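Quick note: numbers below take in every heavy atom, side chains included, and nothing from hydrogens, waters or symmetry partners. None of these values were measured; they are calculated from a predicted model.
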Amino acid sequence: MDRLPLRERQRLEVRAELQRTAVEMFLAQGFDNVSVNDIVNRVGVVQRTFYRHFATKEDAVISLFDDVAPIVHDHVRNHPAGDPPWRVLMEALAATERERARVDAGVVRMIYETPRLASAYFERERHWVRMVAEILAERLGVHAVRDPRPMLWATIAFSITDQASYENAVVDPRPQLLDHLEERFRQAAELFTGRLP
């Protein structure tokens with residue numbers, strides 16, 4: 001196993017400590033009540049060090065989700081042929097819950113309840129959606145912009161997942177995303193197949 005050089009390990013350790021401290025302080029005191037200065041004072045570094053690792057205070061939280069995109073991409077790219085698009089996308093998004101350290105429900109709740117964080121999160125999600133749409137387009141053999149299906153399907157899949165995530169973090173704070181995800185995809189299908197009374 002290749003070991004990272006000492007300098008790189010130290011850099012990653014400082015980043016992890018900054019992120020861990022920031023999230024703990026945000027959860028305890030509220031995102032808007034904690035400054036970058038508060039965080040670096042607690043860790044014992046200067047502000048420049050914080051900004052070497054995170055572009056903004058919001059990024060210290062939102063980057064917790066950076067490991068999601070590669071998992072989704074791998075699953076969409078490598079899912080066996082023959083399944084409907086909704087199942088491929090649902091299983092890819094569910095894989096993020098099985099294969100990564102789950103982001104604490106308190107962090108997810110804080111994102112939904114803090115406008116600046118929610119804005120940063122959904123801006124990052126737009127990038128994830130575009131990347132998934134490009135992979136879907138590759139699998140379909142179509143142009144990602146000219147054919148609307150890949151972007152439409154990716155957008156819908158992330159919206160369904162956002163709804164399940166919101167329910168688990170805010171409505172019912174007992175995380176059960178995997179339990180709810182398939183049900184939410186089924187309910188979304190009622191938009192096209194169901195009938196209003």
State plainly whether one hydrophobic cluster holds both Met110 and Val36, where clusters connect Ile, Leu, Val, Met, Phe, Trp and Tyr through side-chain heavy atoms under 4.5 angstrom apart. yes
To the nearest 0.5 Å, how far apart are CD in Glu167 and CZ in Arg184? 4.0 Å
How close do Ala133 and Pro150 get, counting heavy atoms only, and between which atoms? O-CB, 3.2 Å
Short side-chain to backbone donor-acceptor contact, Arg139 and His79, under 3.5 Å: yes
Here the gap from Arg15 atom CZ to Arg11 atom CZ, rounded to the nearest 0.5 Å, amounts to 7.5 Å
Roughly how far apart are Asn41 CG and Met25 CE, rounded to 0.5 Å? 8.5 Å
Are more than 12 heavy atoms from other residues, nucleotides or ligands located less than 6.0 Å from atom CZ of Arg186? yes
Does Val40 form a side chain to side chain contact (heavy atoms under 4.5 Å, CB included) with Val46? I'd like the steps, not just the answer. CA-CA 6 Å; Val40 298; Val46 296; over 6 Å; no
Do Leu136 and Arg149 come close enough that some side-chain heavy atom pair is under 4.5 Å? no
Would you name the heavy atoms of Leu93 and Ala157 that are closest together and state the gap between them? CD1-O, 3.7 Å
Exam field: side chain Lys57 to backbone Phe31, donor-acceptor pair closer than 3.5 Å: yes
Counting distance only, does the side-chain N/O of Thr155 pair as donor-acceptor with the main-chain N or O of Met151 below 3.5 Å? yes
Val34 backbone acceptor or donor facing Asp38 side chain under 3.5 Å: no
How long is the straight-line distance from CZ of Phe158 back to CZ of Arg126, given to the nearest 0.5 Å? 13.5 Å
Lys/Arg-Asp/Glu bridge criterion (N-O < 4.0 Å) met for Glu24, Arg42: no
In plain terms, say whether Arg87 and Glu182 are close enough for a salt bridge, that is, a side-chain N and a carboxylate O under 4.0 Å apart. yes
On a heavy-atom basis, the closest approach of Ala92 and Val76 is CB-CG2, 3.7 Å
Run the salt-bridge test on Arg20 and Glu17 with the 4.0 Å N-O cut-off and return the result as yes or no. no
same_hphob_cluster(Val145, Val129) at 4.5 Å side-chain heavy-atom cutoff: no
Can you measure from CZ (Phe54) to CD1 (Ile39) and round to the nearest 0.5 angstrom? 9.0 Å
Residues passing the ring-ring contact (aromatic ring centres under 6.0 Å, His included) test with Tyr51, sequence neighbours excluded, are none
Can you list the steps and then say if Glu138 with Arg77 is a side chain to side chain contact (heavy atoms under 4.5 Å, CB included)? CA-CA 9 Å; Glu138 286 173 22; Arg77 189 172 280 119; 4.2 Å; yes
Within this structure, what is the CD-CG distance for the pair Glu58 and Leu117, rounded to the nearest 0.5 Å? 6.0 Å
Are the side chain of Thr49 and the backbone of Val45 linked by a donor-acceptor contact shorter than 3.5 Å? no
Tell me if a side-chain donor or acceptor on Asp147 pairs with a main-chain N or O of His143 at a distance below 3.5 Å. no
In terms of hydrophobic clusters joined by side-chain contacts under 4.5 Å, are Ile111 and Val171 together? yes
Just to verify, which of Glu125, Glu123, Arg124 counts as forming a side chain to side chain contact (heavy atoms under 4.5 Å, CB included) with Ile62? Arg124
Using modelled atom types and a 3.5 Å cut-off, is there a donor and acceptor pairing between side-chain atoms of Asp59 and backbone atoms of Thr56? no
Nearest heavy-atom neighbours spanning Leu181 and Ala164: CD1-CB, 4.2 Å
Tell me whether Glu134 is salt-bridged to Arg130, with the criterion being a basic N under 4.0 Å from an acidic carboxylate O. no
Would you kindly confirm whether Val72 and Met131 end up in one hydrophobic cluster when ILVMFWY residues are joined by side chain heavy atoms under 4.5 Å apart? no
With a 3.5 Å distance limit and no angle check, can you tell me whether Thr21 reaches the backbone of Leu18 through a side-chain donor-acceptor pair? no
Between Trp128 and Tyr121, is the gap from one ring center to the other below 6.0 Å? yes
For Val170, is there any backbone N or O sitting under 3.5 Å from a side-chain donor or acceptor partner on Arg109? no
Minimum heavy-atom separation for Ser165 and Val108, please, with both atom names. OG-CG1, 3.5 Å
Identify the two heavy atoms, one from Ala105 and one from Ala169, that lie closest to each other, and give their separation to 0.1 Å. O-CB, 3.7 Å
